[in-house]
Amino acid sequence: MLIARVVGTTVSTIKDEKLAGRKLLIVRQTDEHGEPFGKPFVAVDTVDAGVGDLVLTAAGSSARQTNITRDTPVDAVIMAMIDSLEVGGELVYRKE
Amino acid sequence: MLIARVVGTTVSTIKDEKLAGRKLLIVRQTDEHGEPFGKPFVAVDTVDAGVGDLVLTAAGSSARQTNITRDTPVDAVIMAMIDSLEVGGELVYRKE
Amino acid sequence: MLIARVVGTTVSTIKDEKLAGRKLLIVRQTDEHGEPFGKPFVAVDTVDAGVGDLVLTAAGSSARQTNITRDTPVDAVIMAMIDSLEVGGELVYRKE
Amino acid sequence: MLIARVVGTTVSTIKDEKLAGRKLLIVRQTDEHGEPFGKPFVAVDTVDAGVGDLVLTAAGSSARQTNITRDTPVDAVIMAMIDSLEVGGELVYRKE
Amino acid sequence: MLIARVVGTTVSTIKDEKLAGRKLLIVRQTDEHGEPFGKPFVAVDTVDAGVGDLVLTAAGSSARQTNITRDTPVDAVIMAMIDSLEVGGELVYRKE
């Protein structure tokens with residue numbers, strides 16, 4: 001899974017019928033401090049995440065292993081909200 | 001999913017029989033403003049997209065989860081047309 | 001799918017028994033003009049491609065969705081020969 | 001599989017219900033000497049690994065082939081603890 | 001598939017039970033001349049390969065399509081030994 005930050009939202013009217021009602025968020029991978037790097041990608045939200053949240057994303061066929069994404073043409077899912085991260089015994093991120 | 005722009009078309013006569021009638025478009029990944037970067041790849045269209053459209057693409061086995069791509073040897077699909085993108089509360093892309 | 005050019009051939013006597021008789025070609029990804037870049041990889045041919053041909057390759061589990069590759073341990077397949085490519089309304093590649 | 005070092009831990013209360021009780025560790029890929037490089041990612045532990053351990057990780061659908069991860073939305077798993085690594089006939093890593 | 005060279009071996013006592021008896025080799029991707037580049041990764045051997053051999057590796061779910069790797073948590077397999085490689089009509093590698 002990637003540590004990622006939700007940075008935005010997408011609106012799409014014309015899409016695969018199985019995606020009706022799915023929330024497609026724009027996210028960017030971050031380092032362990034929650035600092036984004038690299039280009040944005042889009043993931044289906046399954047945990048009621050919002051812009052600014054630090055989350056975990058799963059990719060590929062694993063993105064379809066939730067009740068919300070099963071059998072849908074999506075290759076990235078937000079499957080957890082991050083409360084805190086600890087690296088080398090030190091707290092490096094805590095949700096405010 | 002990747003944010004991508006349709007930049008071109010392919011013509012292929014000799015191909016896997018399950019690809020007969022499928023529209024194979026050339027796309028390039030873009031940033032959240034719709035600016036392309038990186039090398040082109042090819043995705044099956046399922047939403048009647050055309051050159052210039054900003055779309056979402058799904059890769060891998062997820063690309064086969066549409067009625068048009070099921071059980072076919074394709075690893076990328078266009079499964080949504082993008083109407084608009086919002087980043088950090090600001091509208092950064094709107095389809096013209 | 002990737003746009004790729006067939007650049008060579010492999011010979012392998014000791015291999016998984018399900019690969020007997022499969023043609024394993026060396027390919028390199030190209031840009032939309034058929035110009036190769038990056039390192040070579042190996043894909044199973046299913047369209048009678050030869051050295052010099054511009055082709056499409058599919059990766060991952062999608063590479064196993066042809067009659068020739070089903071249930072075999074291969075992660076890349078040549079599933080189409082490219083006749084022509086058009087980018088931005090301009091013909092950028094045509095098979096000679 | 002990647003050679004990786006466990007560098008930290010994550011805490012997540014809101015997550016997919018199938019992840020309840022799973023231990024999600026922060027890891028970084030290493031070279032053959034156990035030297036980390038690149039950005040951290042998160043993998044499910046199945047071998048009782050802890051911070052500092054050198055491990056092997058499997059990605060994608062393969063990450064779901066353990067009793068702990070079956071049918072869960074995870075794309076990386078720690079499936080082995082590394083005792084030692086030998087490169088070119090020379091011992092380059094041994095667990096202390 | 002990738003062209004890769006076997007560069008080393010791993011020893012792992014604590015691992016997923018389905019990996020008992022599997023040989024996990026350290027490999028590095030090579031160019032068409034067998035010259036390694038990039039970082040090492042680990043693949044399950046199915047063709048009795050040894051250090052120094054030039055091999056083909058398959059990744060992802062395709063790595064589980066052999067009798068030795070079926071249903072196991074591994075994402076890379078050595079499924080062929082390379083005898084020779086020809087690029088542009090010229091022999092660029094032959095096993096000694």
Side-chain angles (χ1 to χ4, degrees), chain A residues 1-6 27-39 41 43-50 53-72 74-95, chain D residues 2 4-30 34-46 49-54 57-79:
Chain A
M1 281 69 69
L2 300 181
I3 305 169
R5 192 173 289 277
V6 181
V27 299
R28 286 179 70 198
Q29 186 176 357
T30 77
D31 63 18
E32 65 270 39
H33 301 281
E35 198 60 44
F37 63 91
K39 295 292 182 182
F41 62 96
V44 177
D45 176 40
T46 68
V47 293
D48 203 20
D53 285 333
L54 203 64
V55 298
L56 291 179
T57 62
S61 60
S62 299
R64 303 196 308 269
Q65 309 294 316
T66 74
N67 291 333
I68 288 174
T69 55
R70 191 163 309 284
D71 298 328
T72 64
V74 302
D75 63 5
V77 70
I78 298 172
M79 26 59 83
M81 298 275 277
I82 295 175
D83 296 333
S84 62
L85 299 174
E86 209 176 287
V87 171
E90 191 185 344
L91 186 73
V92 292
Y93 171 82
R94 176 176 288 165
K95 189 176 180 176
Chain D
L2 300 181
R5 192 174 289 277
V6 180
V7 298
T9 57
T10 69
V11 175
S12 173
T13 310
I14 302 173
K15 58 189 165 190
D16 188 88
E17 60 187 11
K18 288 185 286 192
L19 295 179
R22 299 303 184 280
K23 189 165 63 161
L24 297 166
L25 296 177
I26 306 175
V27 299
R28 286 179 71 199
Q29 186 176 357
T30 76
E35 197 60 43
F37 63 91
K39 294 293 182 181
F41 63 97
V42 173
V44 177
D45 176 40
T46 68
V51 171
D53 284 334
L54 203 64
T57 62
S61 60
S62 300
R64 303 195 309 271
Q65 308 294 316
T66 74
N67 292 333
I68 289 174
T69 56
R70 191 163 310 282
D71 299 328
T72 64
V74 303
D75 63 5
V77 70
I78 298 172
M79 26 59 82

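All values below were derived from every heavy atom in this structure, side-chain atoms included, with hydrogens, water molecules and symmetry-related copies excluded.
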Task: chain A-proximal positions within residues 59-70 of chain D [heavy-atom distance under 4.5 Å] - done: D:Gly60, D:Ser61, D:Arg64
TODO: Would you give the length of the straight line joining atom OG1 of A:Thr46 to atom CG of D:Asp16, rounded to the nearest 0.5 angstrom?
DONE: 5.5 Å
Open item on the list: Run the side-chain contact (heavy atoms from CB on, under 4.5 Å) test on D:Val42 and A:Leu2 for me, step by step, so that the C-alpha distance in whole Å, both residues' side-chain angles and the decisive distance to 0.1 Å come before the verdict.
Closed with: CA-CA 6 Å; D:Val42 173; A:Leu2 300 181; over 6 Å; no
Open item on the list: Restricting to salt bridge (Lys or Arg N to Asp or Glu O under 4.0 Å), what partner residues turn up for D:Lys23, sequence neighbours left out?
Closed with: D:Asp45, D:Asp48
TODO: Over all heavy atoms of both residues, which pair between A:Val47 and D:Lys15 is shortest? Give the atoms and the distance, please.
DONE: CG1-CA, 4.1 Å
Task: Proximal component of A:Glu90, with respect to chain D [non-hydrogen, under 4.5 Å] - done: neither
Task: Per-residue contact mode, A:Leu56 against chain D (heavy atom under 4.5 angstrom) - done: side chain
Open item on the list: With a strict 4.5 Å heavy-atom criterion, list every residue of residues 5-14 of chain D that contacts chain A, or say none.
Closed with: D:Val7, D:Gly8, D:Thr9, D:Thr10, D:Val11, D:Ser12, D:Thr13, D:Ile14
TODO: Look up atom CD in A:Glu32 and atom NZ in D:Lys39, then write down how far apart they are to the nearest 0.5 Å.
DONE: 7.0 Å
Open item on the list: So for D:Val44, is it side chain, backbone, both, or neither that comes closer than 4.5 Å to the heavy atoms of chain A?
Closed with: both
Task: Proximity breakdown for A:Phe37 and chain D, heavy-atom pairs closer than 4.5 Å - done: side chain
Open item on the list: Between D:Ala76 and chain A, with a heavy-atom cut-off of 4.5 Å, which part of the residue counts as in contact: side chain, backbone, both or neither?
Closed with: both
